[in-house]
Amino acid sequence: MKYQLIIAMALPLLTASAAELPVYLDENAPIEQRVEDALSRMTLREKVAMCHAEGKFASPGVARLGIPDLWMSDGPHGVRAEINWNDWGYAGRTNDSITAFPALTALAATWNPALSEAYGNALAEEALYREKDVMLGPGVNIYRTPLNGRNFEYMGEDPYLAGELVVPYITGMQDNGVAACVKHYALNNQELWRGHINVELSDRALHEIYLPAFKRAVEDGKSWSIMGAYNKVRGQHACHNELLLNKILKDDWGFDGVVITDWGGAHDTREAALYGLDLEMGSFTNGLTSESEFTTDDYYLANPYQKMLESGEVPMSTLDDKVRRLLRLNFRTAMNRRKPYGSVATPAHYAVAEEIGNEGIVLLKNAPSTPKGQPLLPIDPSRYGKILVVGDNATRNLMAGGGSSELKPKDIVTPLAGLETLWPGKVEYARGYMAGRPMYGHADVIPAHVEDSLRRQAVDMAREAGLVIFVGGLNKNHFQDCEGGDRQEFALPFGQPKLIEELRAVNPNLVVVLLTGNAVEMPWADKVPAIVQAWYLGSMAGKSVANVLSGSVNPSGKLPFSFPRRLEDNAAHHFGTLSYPGDSINQEYKEDILVGYRWHDTKKIPALYPFGHGLSYTTFEYGKPVASARSMTADGSITVRVPVTNTGSRDGKETVQFYIGDDKASVIRPVKELKGFDKLSIAPGATVEATFTITPDALKFYDPASASWVAEPGKFKLYIGSSSTDIRATLPFELK
């Protein structure tokens with residue numbers, strides 16, 4: 001085991017009486033006192049060694065002092081299978097299977113902070129069982145373009161929503177003694193050219209859109225570590241960036257944890273020494289597949305750093321600051337003897353995964369299949385003979401592929417298996433299309449005759465079925481939702497649009513279930529009666545899909561990002577290639593603060609499905625909002641209460657969304673911005689109040705001239721809605 005050598009070397013210390021123990025080994029001593037005591041006992045070589053990796057996912061402690069190594073694992077959605085010591089091959093163990101939790105887009109779609117905390121807690125328990133000290137996640141990069149291959153790992157387009165969900169995730173994880181490593185800080189909003197693309201943007205966009213979720217993670221979540229991004233920001237790599245790391249993260253936000261590179265994210269010893277990097281991992285690799293002949297002693301923060309320290313080229317204080325942070329992290333995790341043992345793939349963890357899937361699935365559309373019929377969902381199997389399930393994603397292991405979030409689940413319930421269990425003997429299956437193998441760097445090309453044959457077979461079977469459930473989408477292959485490359489088209493791949501059109505032509509009773517982490521083009525949306533966005537839901541995906549389609553669970557998910565009709569309707573793509581993807585060297589965020597629904601609202605470009613949208617099998621009626629006041633001062637607040645009644649016949653959950661708009665400002669502002677939400681559980685006929693407190697902070701914008709947040713006195717509006725476009729009430733108020 002990983003501690004055996006350390007224990008053997010430190011046995012005299014560990015067997016001493018409590019009174020004789022060094023301060024750094026005394027868990028009852030204040031942590032800063034322990035840090036200083038351990039630091040005073042370390043040699044220069046031991047300090048430098050602590051600042052860089054010793055293996056693919058391990059960094060050294062100090063065996064002489066009984067300080068253990070730190071062990072990390074990829075996976076914001078589960079603990080990754082064991083990787084070899086110093087290459088990207090899997091170790092081939094038989095005891096590293098785990099629970100695959102839903103991807104973070106699905107978590108964001110729940111709009112449920114309590115589920116986010118349960119997610120972090122369950123994942124931490126699995127990390128403890130696997131003896132991991134740091135989990136490399138969650139991710140809170142903002143959804144800027146639907147082509148970003150890694151959007152499925154993040155929490156959507158809105159910084160407020162991402163911030164509200166990342167804090168309980170971190171709390172749930174770190175309460176177990178496992179460090180969250182929030183990533184990728186910052187502006188890693190595409191995979192194409194990720195290792196060198198230089199992002200230029202305004203201070204307002206940086207502080208209002210791309211940093212708030214990270215700030216919440218640090219200031220409110222108290223995250224113990226942060227992962228730097230691959231890209232450059234204003235000319236410096238994000239993993240050693242003076243503005244991002246020293247000025248904002250450590251000085252302004254008071255971050256006391258460890259900044260860890262993404263694997264291969266360091267590029268210069270002097271910058272790494274001076275500009276905020278603490279732990280260098282995976283240098284001389286592309287972070288995915290490639291290796292080099294260099295050893296960890298050749299890392300930028302290894303021998304080259306020691307030489308600079310010894311020559312006085314960089315001050316010794318830089319090293320001591322890094323080691324203080326690393327010791328603090330070690331005492332919080334690896335040296336924490338009070339943390340639980342953990343557990344893996346338990347019924348409790350499966351229940352968490354299933355519940356997140358239940359609440360994350362978004363019902364985009366639910367119409368009758370005939371002019372006088374009932375909405376197609378939920379499915380009543382007695383109305384149909386055979387139910388045909390079509391689609392590669394109905395049986396595919398969607399935990400394979402995707403890059404570093406690839407997982408090795410102990411159990412998988414596919415959508416087909418979930419539906420067959422629910423309706424035994426009624427379900428048939430046709431593949432319909434073939435998606436190829438999960439791969440990095442290139443994608444399979446499916447021969448036309450194979451594609452045609454599979455489509456014809458599915459269409460022929462659809463003619464004879466009572467109901468067709470198409471399960472398609474993306475699948476974490478390269479050029480889809482996958483690390484290391486962006487999507488190359490907005491449309492569904494592998495001939496799916498044509499297949500959907502032909503299925504609808506022969507059978508009007510068609511439900512389309514999309515398993516994706518991104519918005520996709522839907523030229524067929526007006527023709528299909530029912531559309532469900534079901535994300536990547538992990539081990540229990542099939543159970544959650546069956547729960548929602550059958551109506552045993554009433555869908556309550558809301559979109560965490562906008563679905564544009566056309567790619568050019570997305571703000572990042574509106575301004576041409578310099579805005580996305582850049583010229584291969586530089587990129588300029590020309591849409592500025594108008595990201596996602598802010599763009600659609602302000603420019604009056606309707607989305608196909610707007611931010612916050614999500615239907616239910618019941619109906620909700622919003623009553624008249626009541627405010628505690630209609631004006632406030634800079635140190636005051638207004639509390640708003642909104643009665644919401646379930647006017648249908650089913651139990652349901654409704655997320656009441658609160659947006660604020662500034663009627664007149666000295667700067668460009670969006671029509672409205674999300675500033676609060678309240679997810680209510682309401683029985684049929686019952687009324688429950690949603691509450692929201694308006695504070696001056698909710699009215700502020702970032703002022704670059706003063707480098708501060710400003711709320712200008714004047715008139716504002718509170719928009720209360722079921723989505724960013726389904727506004728049920730407005731309430732004017734004033735800041736005096």
Side-chain angles (χ1 to χ4, degrees), residues 103 105 146-152 191-192 364 388-403 406 412 414-416 428-462 468-507 510-525 527-528 531-537 541-542 545 563 566-567 608:
T105 43
L147 299 190
N148 180 13
R150 219 162 177 182
N151 274 336
F152 69 96
E191 290 298 286
L192 180 63
L364 295 178
L388 176 66
V389 176
V390 177
D392 190 82
N393 274 0
T395 60
R396 190 179 187 87
N397 173 13
L398 288 169
M399 279 62 76
E406 182 176 73
I412 300 173
T414 65
L416 179 62
E428 295 181 337
Y429 174 67
R431 190 171 186 180
Y433 71 94
M434 182 184 294
R437 297 162 293 167
M439 294 183 294
Y440 312 127
H442 66 283
D444 278 340
V445 176
I446 307 303
H449 72 277
V450 173
E451 194 173 276
D452 290 343
S453 176
L454 290 172
R455 185 179 67 253
R456 285 195 300 269
Q457 180 194 33
V459 171
D460 287 344
M461 293 176 69
V468 179
I469 302 172
F470 174 75
V471 184
L474 305 175
N475 61 22
K476 299 167 96 173
N477 278 9
H478 195 59
F479 300 140
Q480 296 189 46
D481 286 334
C482 184
E483 180 183 0
D486 284 350
R487 297 168 62 196
Q488 295 185 320
E489 59 180 354
F490 190 33
L492 287 171
F494 308 115
Q496 291 178 77
K498 185 175 182 180
L499 174 58
I500 292 170
E501 296 266 9
E502 293 191 10
L503 290 172
R504 178 67 177 90
V506 301
N507 194 322
L510 174 63
V511 179
V512 171
V513 179
L514 295 174
L515 307 184
T516 76
N518 262 308
V520 298
E521 187 178 45
M522 300 186 198
W524 36 265
K527 304 173 186 176
V528 173
I531 305 173
V532 175
Q533 177 63 33
W535 316 108
Y536 301 123
L537 297 182
V545 168
F563 277 50
R566 307 172 305 161
L567 190 58
L608 176 62

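Any value given below was found using the heavy atoms of this structure, including those in side chains, with hydrogens, waters and symmetry copies removed.
- At least one donor-acceptor pair closer than 3.5 Å links the side chain of Gln496 to the backbone N or O of Pro493.
- Inter-residue side-chain proximity for Val512 and Met522 is flagged as unmet; no heavy-atom pair is nearer than 4.5 Å.
- Screening Val513, Asn393, Leu515 for a side chain to side chain contact (heavy atoms under 4.5 Å, CB included) with Pro415, the sole residue that qualifies is Leu515.
- Using the six-membered ring where Trp is involved, Phe494 and Tyr433 have ring planes that are parallel, under 30° apart on the 30 and 60° scheme.
- In this structure, the separation between CD1 on Ile469 and CG on Leu503 is 12.0 Å, given to the nearest 0.5 Å.
- A salt bridge links Asp392 with Arg431: at least one charged nitrogen is closer than 4.0 Å to a carboxylate oxygen.
- Between the side chains of Asn518 and Asp481, at least one donor N or O lies within less than 3.5 Å of an accepting N or O.
- Counting all heavy atoms, side chain and backbone alike, Gln480 lies closest to Lys476 at CB-N, 4.3 Å.
- The structure places CG of Leu147 at 5.0 Å from CG of Leu567, a figure rounded to the nearest 0.5 Å.
- Residues Gly403 and Cys482 share a closest heavy-atom pair of N-SG, 4.1 Å.
- One distance of note links CZ of Arg455 with CG of Asp452; it measures 4.5 Å at 0.5 Å rounding.
- Between the Arg456 side chain and the Val459 main chain, no donor and acceptor come within less than 3.5 Å of each other.
- Note that CZ of Arg150 is 9.0 Å distant from CG of Asn148, once rounded to the nearest 0.5 Å.
- When all heavy atoms of Tyr429 and Met461 are compared, the closest pair comes out as O-CE, 3.8 Å.
- No donor-acceptor pair under 3.5 Å is formed between the side chain of Glu406 and the backbone N or O of Ala400.
- Taking CH2 of Trp524 as the reference point, atom CD1 of Ile531 lies at 4.5 Å (rounded to 0.5 Å).
- Closest approach of Leu499 to Gly432, counting heavy atoms only: CD2-O, 3.6 Å.
- Nearest approach of Lys527 to Glu501, heavy atoms of both residues: NZ-OE1, 2.9 Å.
- Atom CD1 of residue Ile446 and atom CE of residue Met434 lie 6.0 Å apart, to the nearest 0.5 angstrom.
- Within the 3.5 Å criterion, the main-chain N or O of Val468 finds no donor-acceptor partner in the side chain of Asn507.
- Considering every non-hydrogen atom in both Ala394 and Val389, the closest pair reads CB-CG1, 3.7 Å.
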